[in-house]
Participant: 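Sending over a structure as structure tokens; questions will come in a sec.
Residue numbering restarts at 1 for every chain, and letters A, B, ... go by the order of the sequence lines.
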Protein chains: 4
Amino acid sequence: MAVRSEASHKAILDATMELLDPDSGEGISVQKLSIERIARVAGVSKTTIYRWWPSKVAVVIDSFVASHIARTPVRQDLPGLEALREHMGALVETYATHEGRLVSQLVAECQHDESAMNEFKERFWHNRRDAAVSIIRRAQEEGDIWSELDPVGVADLIYAPIYFRLLFQTGPLEKAWSDRVLDLALTGLTPREDA
Amino acid sequence: MAVRSEASHKAILDATMELLDPDSGEGISVQKLSIERIARVAGVSKTTIYRWWPSKVAVVIDSFVASHIARTPVRQDLPGLEALREHMGALVETYATHEGRLVSQLVAECQHDESAMNEFKERFWHNRRDAAVSIIRRAQEEGDIWSELDPVGVADLIYAPIYFRLLFQTGPLEKAWSDRVLDLALTGLTPREDA
Amino acid sequence: MAVRSEASHKAILDATMELLDPDSGEGISVQKLSIERIARVAGVSKTTIYRWWPSKVAVVIDSFVASHIARTPVRQDLPGLEALREHMGALVETYATHEGRLVSQLVAECQHDESAMNEFKERFWHNRRDAAVSIIRRAQEEGDIWSELDPVGVADLIYAPIYFRLLFQTGPLEKAWSDRVLDLALTGLTPREDA
Amino acid sequence: MAVRSEASHKAILDATMELLDPDSGEGISVQKLSIERIARVAGVSKTTIYRWWPSKVAVVIDSFVASHIARTPVRQDLPGLEALREHMGALVETYATHEGRLVSQLVAECQHDESAMNEFKERFWHNRRDAAVSIIRRAQEEGDIWSELDPVGVADLIYAPIYFRLLFQTGPLEKAWSDRVLDLALTGLTPREDA
DNA sequence: CGATAAACGAGACGGTACGTCTGGTCTTGTG
DNA sequence: CACAAGACCAGACGTACCGTCTCGTTTATCG
């Protein structure tokens with residue numbers, strides 16, 4: 001009996017992306033986005049949105065996560081360390097665009113909504129972390145990163161600066177910079193004998 | 001002529017802290033905080049708040065920054081590296097409390113409000129960064145951190161994981177963890193000969 | 001779909017009358033009346049009022065016009081001239097009460113709001129004027145008022161003094177006075193031979 | 001002991017007229033006029049206005065009454081009836097302009113402010129009424145209006161339609177119309193034998 | 001094939017807050 | 001001591017959304 005309307009579903013996701021996309025005229029922030037407005041643009045009633053999503057954040061995640069993940073793949077054809085460098089660079093360059101604003105606004109929205117945070121971590125963050133960990137593990141197997149280290153701890157150390165810069169806007173997100181971060185993390189901070 | 005009422009000023013800051021303080025019964029988030037509510041609790045008219053602060057975020061910053069900064073001082077009596085370790089530990093432990101939630105919510109609020117972000121960086125972040133840089137510089141002079149490195153870059157590397165964990169809630173904020181982060185950053189990720 | 005709530009509708013009109021009624025404790029003027037206050041007293045949200053009425057004046061008109069009109073009916077059982085005299089007297093006595101203040105305040109409110117004025121004329125004034133014109137026309141048919149005269153012009157002449165006195169408060173609104181006005185209008189100002 | 005500043009006094013009256021004058025760019029209504037705004041334009045503090053005038057209406061009356069009265073003088077060189085006709089015509093034509101709006105807005109403002117009403121009647125209305133009565137008395141002496149009639153009652157009958165039309169906006173204010181009103185009042189409404 | 005139950009659009013509803021405006025009072029210098 | 005300057009509390013403005021709640025009206029299965 002009565003089954004979910006695919007047309008409405010799609011209209012909602014499309015309207016959400018359109019509202020958030022600065023190239024579509026609108027380009028509002030996730031904070032300014034409202035269920036009311038999505039419904040209006042999608043030509044759908046509020047009830048329908050509330051029926052299928054618990055919150056605005058959930059709609060946004062549904063709307064863009066899939067496409068986002070696809071955009072920063074892990075390269076399997078390179079040595080682990082090279083793949084790591086490439087992946088960080090791709091991430092940084094992606095985050096330099098509108099998509100970076102979107103991620104930061106999503107994180108922002110989650111700060112006062114625990115279930116949104118869970119949704120976000122499950123749908124977005126775990127995916128990102130797994131990608132990072134898999135590369136790091138490869139680099140460890142290839143002997144470029146010390147194998148005793150916990151890959152998750154390593155991921156924290158080298159990816160955190162990227163998200164930090166995204167959220168605190170302390171400097172431009174560029175590949176040259178992410179390269180420097182990686183180099184610094186690899187060699188460490190202690191003085192070297194050869195210097 | 002016509003001079004600012006200190007009583008109102010204080011009432012506003014006090015009301016703000018009270019509303020945000022989970023131990024005072026209220027404990028609402030920065031997002032749920034509203035100028036209207038602050039005015040009501042402070043027994044002050046909205047006009048008075050709008051006259052002196054450009055935004056909710058500015059009020060919050062005024063309300064807690066001073067006390068917050070004082071709570072994580074840089075110890076001058078220890079060697080640089082020890083002071084750094086202590087500072088990171090103190091920061092992490094502070095952020096494990098209600099105050100951490102407050103900082104993360106502040107950062108969240110700034111994601112869709114450029115001028116709030118500027119306010120935040122100027123009043124909060126620069127202060128934090130300067131504290132970090134000064135310790136790092138000391139550790140460099142004492143030979144515990146390679147002197148060629150840019151202290152700001154170093155600060156990024158070792159403080160970013162703290163704020164990352166604060167905002168993404170990927171794990172508990174504990175001194176033991178911040179110690180590990182520091183150790184990892186110091187020795188670097190590359191395999192060591194002595195292992 | 002989605003139908004107007006009769007309960008809210010009634011609550012709004014009742015609250016409005018109550019606020020304006022000096023016998024209900026409140027007794028504020030139309031000028032001091034505010035949408036906000038009506039909403040509060042009616043236990044209704046402001047949105048609901050704004051949804052159905054364009055302005056405060058419109059609410060007031062809706063609240064009292066019907067009952068007001070009913071209170072000064074045109075008597076069909078009397079000769080035209082007698083009915084006219086009765087009608088003027090009833091009007092004057094009505095306007096001597098709280099209801100007169102209400103009408104004058106309504107007219108006042110319309111002086112700086114064209115659409116309110118239109119609303120007022122359409123809902124209130126035309127009705128009053130039609131009542132007057134119908135009696136005058138009857139008196140003309142019965143030969144008590146010269147049939148060549150434009151009934152609207154006649155209405156202007158004999159009703160204007162009533163509204164004038166209501167608004168300028170130049171004297172008490174009493175039947176004896178309205179009788180004198182009518183007599184004066186009937187005989188005219190020029191000296192009569194028989195005097 | 002410091003005496004009233006003539007400069008401020010004049011600045012306030014001038015600013016008021018300027019704000020109300022549609023030819024001076026502003027042209028706002030008496031209702032939209034505010035003490036605050038007068039003070040701003042006059043370069044005077046609010047306190048100063050509140051010190052010398054009890055209300056906005058009082059300022060407006062002070063600002064324009066003198067000049068207004070002068071504009072519709074009673075002609076002494078004509079027979080009473082002619083002077084009456086001229087006076088009514090001049091009044092009507094004056095009220096057809098911006099000044100009419102001003103008078104109607106003043107009356108409006110007085111509807112919910114008793115002391116303003118008293119001020120208005122004393123400063124404005126009595127003056128107008130006296131002018132009317134003096135002409136009517138002259139016409140009575142000259143035998144054109146029945147001498148037994150109370151001149152104030154007569155004034156009510158023939159001037160009321162003018163103010164009525166001004167406030168209810170039931171038709172254009174033109175000399176042709178005021179002539180018709182006067183004629184009607186003179187001959188009366190009852191059928192004439194010569195018709 | 002017709003009953004039925006869910007999904008749907010429409011949108012009313014009580015709320016909360018927005019940021020601005022004005023009112024009228026009060027306070028603090030300045031000339 | 002009149003005045004300017006302007007801070008202050010109070011409260012209304014009209015708008016935007018919130019999340020809940022009827023309403024009929026499709027529409028797709030299931031008996």
Side-chain angles (χ1 to χ4, degrees), chain A residues 1-9 11-12 31-40 42-52 54-56, chain B residues 1-9 11-12 31-40 42-52 54-56, chain C residues 1-9 11-12 31-40 42-52 54-56, chain D residues 1-9 11-12 31-40 42-52 54-56:
Chain A
M1 23 205 119
V3 97
R4 180 165 191 173
S5 152
E6 256 326 298
S8 294
H9 187 174
I12 290 163
Q31 275 72 17
K32 305 222 161 187
L33 188 68
S34 70
I35 299 274
E36 196 116 3
R37 201 152 167 188
I38 295 173
R40 211 181 309 136
V44 142
S45 85
K46 284 202 288 177
T47 329
T48 303
I49 301 181
Y50 280 113
R51 188 172 2 247
W52 300 106
S55 72
K56 175 174 74 174
Chain B
M1 342 168 174
V3 99
R4 180 166 192 172
S5 153
E6 258 324 300
S8 294
H9 188 172
I12 290 163
Q31 275 72 19
K32 304 222 161 185
L33 188 68
S34 71
I35 298 275
E36 196 118 1
R37 200 153 166 189
I38 296 174
R40 215 182 304 135
V44 142
S45 85
K46 283 201 288 178
T47 328
T48 303
I49 301 182
Y50 281 114
R51 188 172 5 250
W52 300 108
S55 71
K56 176 174 71 174
Chain C
M1 352 180 152
V3 99
R4 180 164 192 174
S5 153
E6 257 325 299
S8 294
H9 188 172
I12 290 163
Q31 276 72 18
K32 305 221 162 186
L33 188 68
S34 69
I35 299 273
E36 196 118 1
R37 199 152 168 191
I38 296 173
R40 214 181 306 135
V44 142
S45 84
K46 281 202 288 178
T47 326
T48 302
I49 302 182
Y50 282 114
R51 190 173 2 252
W52 301 108
S55 71
K56 176 174 72 175
Chain D
M1 348 217 133
V3 96
R4 179 165 190 173
S5 152
E6 257 324 300
S8 295
H9 188 173
I12 290 162
Q31 275 72 18
K32 305 221 162 189
L33 189 67
S34 70
I35 300 275
E36 195 115 5
R37 202 153 168 188
I38 296 173
R40 212 183 307 138
V44 141
S45 85
K46 283 201 287 177
T47 332
T48 304
I49 301 181
Y50 280 114
R51 193 175 355 251
W52 300 107
S55 71
K56 176 173 72 175

Participant: Does the side chain of D:T48 get closer than 4.0 angstrom to OP1 or OP2 of F:dA4 through an N or O atom?
Facilitator: yes
Participant: Mind calculating the distance between CD (B:Q31) and P (E:dC18) to the nearest angstrom?
Facilitator: 13 Å
Participant: Under 4.0 Å, counting only non-hydrogen atoms across every strand here, what does D:T47 touch: a base, just sugar-phosphate, or nothing?
Facilitator: base
Participant: Rounded to the Å, how far apart are C:R37 CZ and F:dA10 C1'?
Facilitator: 13 Å
Participant: Nearest to the side chain of B:S34, heavy atoms from C-beta on, is which of F:dG6, F:dG14, E:dC18?
Facilitator: E:dC18
Participant: State whether C:R4 places a side-chain N or O below 4.0 Å from either non-bridging phosphate oxygen (OP1 or OP2) of F:dT22.
Facilitator: no
Participant: Carefully, step by step, assess A:I49 and A:K46 under the rule side chain to side chain contact (heavy atoms under 4.5 Å, CB included).
Facilitator: CA-CA 5 Å; A:I49 301 181; A:K46 284 202 288 177; 5.8 Å; no
Participant: Starting at CZ of C:R4, measure out to CZ of C:R51 and round the result to the nearest 0.5 Å.
Facilitator: 9.5 Å
Participant: Taking atom C1' of F:dG11 as reference, at what distance in whole Å does atom CD1 of C:I38 sit?
Facilitator: 15 Å
Participant: What is the distance, rounded to the nearest whole Å, between atom CD of A:E36 and atom C1' of F:dT15?
Facilitator: 11 Å
Participant: Take atom NZ of D:K46 and atom P of F:dC8, then tell me their distance rounded to the nearest Å.
Facilitator: 13 Å
Participant: Under the side chain to side chain contact (heavy atoms under 4.5 Å, CB included) rule, what do B:W52 and B:H9 come out as? Steps first, then yes or no, please.
Facilitator: CA-CA 9 Å; B:W52 300 108; B:H9 188 172; over 6 Å; no
Participant: Go nucleotide by nucleotide along DNA chain F from the 5' end; which of A:R40 and C:K56 gets its closest nucleotide reached first?
Facilitator: C:K56
Participant: Between atom CD of A:E36 and atom NZ of A:K56, what is the distance when rounded to the nearest 0.5 Å?
Facilitator: 12.5 Å
Participant: Can you check whether D:W52 has a side-chain N or O nearer than 4.0 Å to OP1 or OP2 of F:dC3?
Facilitator: yes
Participant: What is the distance from atom CZ of A:R40 to atom CD1 of A:I38, rounded to the nearest 0.5 Å?
Facilitator: 11.0 Å
Participant: In terms of side-chain heavy atoms of B:S5, which of F:dC8, E:dA17, E:dG19 is nearest?
Facilitator: F:dC8
Participant: Could you check how far CZ of B:R51 sits from C1' of E:dC21, rounded to whole Å?
Facilitator: 12 Å
Participant: Measure CD1/C:I49 against P/F:dA12 and give the value in whole Å, please.
Facilitator: 12 Å
Participant: According to a strict under-4.0 Å criterion, is A:S8 in side-chain N/O contact with OP1 or OP2 of E:dG9?
Facilitator: yes
Participant: Using whole Å, report how far NZ of A:K32 lies from C1' of E:dG19.
Facilitator: 12 Å
